[in-house]
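Comments concern the structure below.
Here is the naming used below: chain letters follow the sequence lines, and residue numbers restart at 1 for every chain.
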2 protein chains.
Amino acid sequence: MAHAYEFARPALTVDIVVFALDEEDLQVMLIERDLKPFEGQWALPGGFVRVDETLEEAARRELEEETGLKDIYLEQLYTFGDIKRDPRERVVTVTYYALVNLEGHDVQASTDARNAAWFSMNDLPKLAFDHKTILRAAHERLRGKVRYQPIGFELLPEKFTLRQMQHLYEVILDRELDKRNFRKKVLGMEIVKETKEIEKDVAHRAARLYRFDKRRYDKLTKQGFNFEI
Amino acid sequence: MAHAYEFARPALTVDIVVFALDEEDLQVMLIERDLKPFEGQWALPGGFVRVDETLEEAARRELEEETGLKDIYLEQLYTFGDIKRDPRERVVTVTYYALVNLEGHDVQASTDARNAAWFSMNDLPKLAFDHKTILRAAHERLRGKVRYQPIGFELLPEKFTLRQMQHLYEVILDRELDKRNFRKKVLGMEIVKETKEIEKDVAHRAARLYRFDKRRYDKLTKQGFNFEI
DNA sequence: CATAATAGTGTCGATAGGACACTAAGTGAC
DNA sequence: GTCACTTAGTGTCCTATCGACACTATTATG
């Protein structure tokens, strides 16, 4: 590592892929750009990293500024550094992905964005910059990680039915799962705890609600248990 | 993402964790710093990213400049951006890890480094900056990845014995494996090809040499096969 | 030719995973 | 209040995989 740094510096940004789940699909949060370049196009929320904040702080700040979302699960994804990925100048972006549950968080557009909205992963608009590539990488990472780490619960409400949980995995992994085998496996792992409540306002038999038992998960993990769906 | 960027910019570097394997341990390449800060201490090879090169290009350039290593397996690891990780100024570093086989590559120190040398992962010197943290992250990533992707072969010579291959996994995973089960599994996957050669210059029965059959691996992968050790 | 070192090989039992179909319970319409 | 509809909830069996486990074969060396 050289002592002096006389050369021009690449600019540094963060961009965030926020995933959520509705009844149908995996959704992603996009903002409509208010400024050039790509003015009026949809893009991932993000912005420049300040010199006095960490990368994760920058990601959380930009996310709140542009979408109102805060206090959510956030994890670093990858750093993209192609030379021409931004037409203005050299910009390197550190990307994060976030998981939120739609019931717990309201969304509103603000600074730098005309508008912020959820889009289905199956029906995406044209995206600014190389954000399509970033989104694809985030989706792959989520698909890979969700099977070995209990991060899927971040996409569910605090109390959820096993049907909702199965649906989550079906959507992310993009294949159907067998109900009996799924339940056998999940209940067998003993990391979800039955509550005394059941679903409300459904036009059929109501299902039992469960919650993720993080305490128990941590304890089992220390004993060598490995989560896997 | 803002249009203008009037604020001070963090500096951007790359750092590389180069792994290799000897008869005993997993080894890592370190350089002795020739400049302040941490002058005379051991550190990961790395340096500033230029505005006209991608991140991976920067990593390969620095690696060759500082250690003479080139044309090796390289993969992005993580981006570290703590505010005080460099005492001089704000520096964000994009880290990579590399895998090399000791027989195929010579090492020599050069620019910015007094010296470059291999160290056993079990006997590391004090490291500059937050390089200990980076190294730990690289080791974990390698441990996680080696079981599901055939990257371990990058650490072996082109032709290797099954004993060497088993040893590789034992060292990285840090546990003993059963010889018969290991062979059954590896040979059953049909991704290593027997050569007509055997070991030379050993004071006992010589073992058959195998090579990784990448063609076959790619073909099987397309058919849904999943590598796993 | 005896010794020492490592190569190379197969079985069996336990376990986990996948395929598979019916009954139970609650809602809403009549 | 009963019938139709919808989703909840449950168990078995088969197969494949994984892990535990010990001996013979081959070559080099003294």
Side-chain angles (χ1 to χ4, degrees), chain A residues 21-24 146-148 150 156-157 159-171 173-211 220-221 223-229, chain B residues 21-24 146-148 156-157 159-171 173-211 220 223-229:
Chain A
L21 196 69
D22 74 359
E23 318 292 299
E24 284 302 311
V146 82
R147 298 192 49 206
Y148 305 105
L156 294 174
K159 296 169 191 168
F160 51 86
T161 67
L162 294 184
R163 167 128 193 97
Q164 282 176 298
M165 184 174 168
Q166 180 178 342
H167 175 66
L168 182 162
Y169 283 92
E170 289 181 332
V171 166
L173 301 178
D174 197 29
R175 64 188 157 99
E176 298 204 338
L177 301 173
D178 179 85
K179 182 162 73 158
R180 280 165 297 186
N181 292 339
F182 183 83
R183 284 163 169 262
K184 205 194 322 180
K185 188 173 238 172
V186 170
L187 295 175
M189 285 192 294
E190 296 184 313
I191 58 164
V192 295
K193 201 157 79 183
E194 197 175 301
T195 71
K196 294 202 164 77
E197 298 169 61
I198 56 170
E199 275 182 300
K200 287 208 163 89
D201 303 318
V202 287
H204 51 78
R205 176 173 177 184
R208 169 124 341 229
L209 294 173
Y210 292 80
R211 70 170 79 228
L220 289 172
T221 299
Q223 296 167 13
F225 159 81
N226 280 315
F227 178 86
E228 185 180 344
I229 294 283
Chain B
L21 197 70
D22 74 359
E23 317 293 300
E24 284 300 312
V146 82
R147 298 192 50 205
Y148 305 104
L156 293 174
K159 296 168 191 169
F160 52 85
T161 67
L162 294 184
R163 166 127 193 96
Q164 283 175 298
M165 183 173 167
Q166 181 179 341
H167 175 67
L168 182 162
Y169 283 93
E170 289 180 332
V171 166
L173 301 178
D174 196 29
R175 64 188 159 98
E176 299 203 340
L177 302 173
D178 179 85
K179 182 162 70 156
R180 281 165 295 184
N181 292 339
F182 183 82
R183 287 165 165 261
K184 205 193 324 177
K185 189 173 238 171
V186 170
L187 295 175
M189 286 192 294
E190 295 183 317
I191 58 164
V192 296
K193 200 157 80 184
E194 197 174 302
T195 71
K196 296 202 161 78
E197 298 169 63
I198 56 170
E199 276 183 300
K200 287 209 162 88
D201 304 319
V202 288
H204 51 78
R205 176 174 177 183
R208 171 127 339 237
L209 294 173
Y210 292 80
R211 71 169 78 227
L220 289 172
Q223 296 166 14
F225 160 81
N226 279 315
F227 178 86
E228 185 180 343
I229 294 284

query = Any donor and acceptor pair, going by atom type alone, linking the side chain of A:Glu194 with main-chain N or O of A:Arg208 inside 3.5 Å?
reply = no
task = Kindly say whether B:Thr161 contributes a backbone atom to a donor-acceptor pair with the side chain of B:Gln164 at under 3.5 angstrom?
result = yes
message = Taking side-chain hydrogen bond (donor to acceptor under 3.5 Å, both in side chains) as the definition, give me every residue that meets it alongside B:Glu190, ordered by chain and number, with sequence neighbours left out.
response = B:Arg216
request  = For DNA chain C, find the residues of residues 187-197 of chain B with a heavy-atom distance under 4.0 Å and give them by number; none if there aren't any.
outcome  = none
request  = Could you state the atom-to-atom distance from NZ of A:Lys184 to P of C:dG17 in whole Å?
outcome  = 9 Å
query = Between C:dA16 atom P and A:Asn226 atom CG, what is the distance in whole Å?
reply = 13 Å
task = For A:Asp178 and for A:Val202, find the nucleotide of DNA chain C with the closest heavy atom, then tell me which residue's nucleotide is more 5'.
result = A:Asp178
task = Output all residues satisfying salt bridge (Lys or Arg N to Asp or Glu O under 4.0 Å) with A:Glu228, sequence neighbours left out; order by chain, then residue number.
result = A:Arg147
Closest contact, heavy atoms only, [X] versus [Y]:
{"X": "A:His167", "Y": "A:Asp22", "answer": "NE2-O, 3.7 Å"}
{"X": "A:Phe160", "Y": "A:Arg211", "answer": "CE2-CA, 3.8 Å"}
{"X": "A:Phe182", "Y": "A:Leu162", "answer": "CE2-O, 3.9 Å"}
{"X": "B:Gln166", "Y": "B:Lys179", "answer": "OE1-CA, 3.6 Å"}
{"X": "A:Lys185", "Y": "A:Ile229", "answer": "NZ-C, 3.9 Å"}

request  = Calculate, to the nearest 0.5 Å, the distance between atoms CD1 and CZ belonging to B:Ile198 and B:Arg205 respectively.
outcome  = 9.0 Å
query = About how many Å separate CG of A:Leu156 and CG of A:Leu168, when rounded to the nearest 0.5 Å?
reply = 5.0 Å
inquiry  = My understanding is that only one of B:Thr195, B:Ile191, B:Leu187 makes a side-chain contact (heavy atoms from CB on, under 4.5 Å) with B:Tyr210; could you say which?
reply    = B:Leu187
Between the protein and nucleotides 2-8 of chain C, list every N/O to N/O distance that falls short of 3.5 Å.
unit_1: C:dA7; atom_1: N7; unit_2: B:Lys179; atom_2: NZ; d: 3.4
unit_1: C:dA7; atom_1: N3; unit_2: B:Arg205; atom_2: NH1; d: 3.3
unit_1: C:dG8; atom_1: OP1; unit_2: B:Arg208; atom_2: N; d: 3.1
unit_1: C:dG8; atom_1: OP2; unit_2: B:Arg183; atom_2: NH2; d: 3.0
unit_1: C:dG8; atom_1: N7; unit_2: B:Lys179; atom_2: NZ; d: 2.6
unit_1: C:dG8; atom_1: O6; unit_2: B:Lys179; atom_2: NZ; d: 3.4

inquiry  = Within the 4.5 Å heavy-atom criterion, are A:Phe227 and A:Leu220 side-chain neighbours or not?
reply    = no
N/O-N/O pairs, protein side and nucleotides 13-15 of chain C side, under 3.5 Å:
none

request  = Give me the first and last nucleotide of DNA chain D, going 5' to 3', that has any atom under 4.0 Å from a heavy atom of chain A.
outcome  = D:dT6 to D:dT12
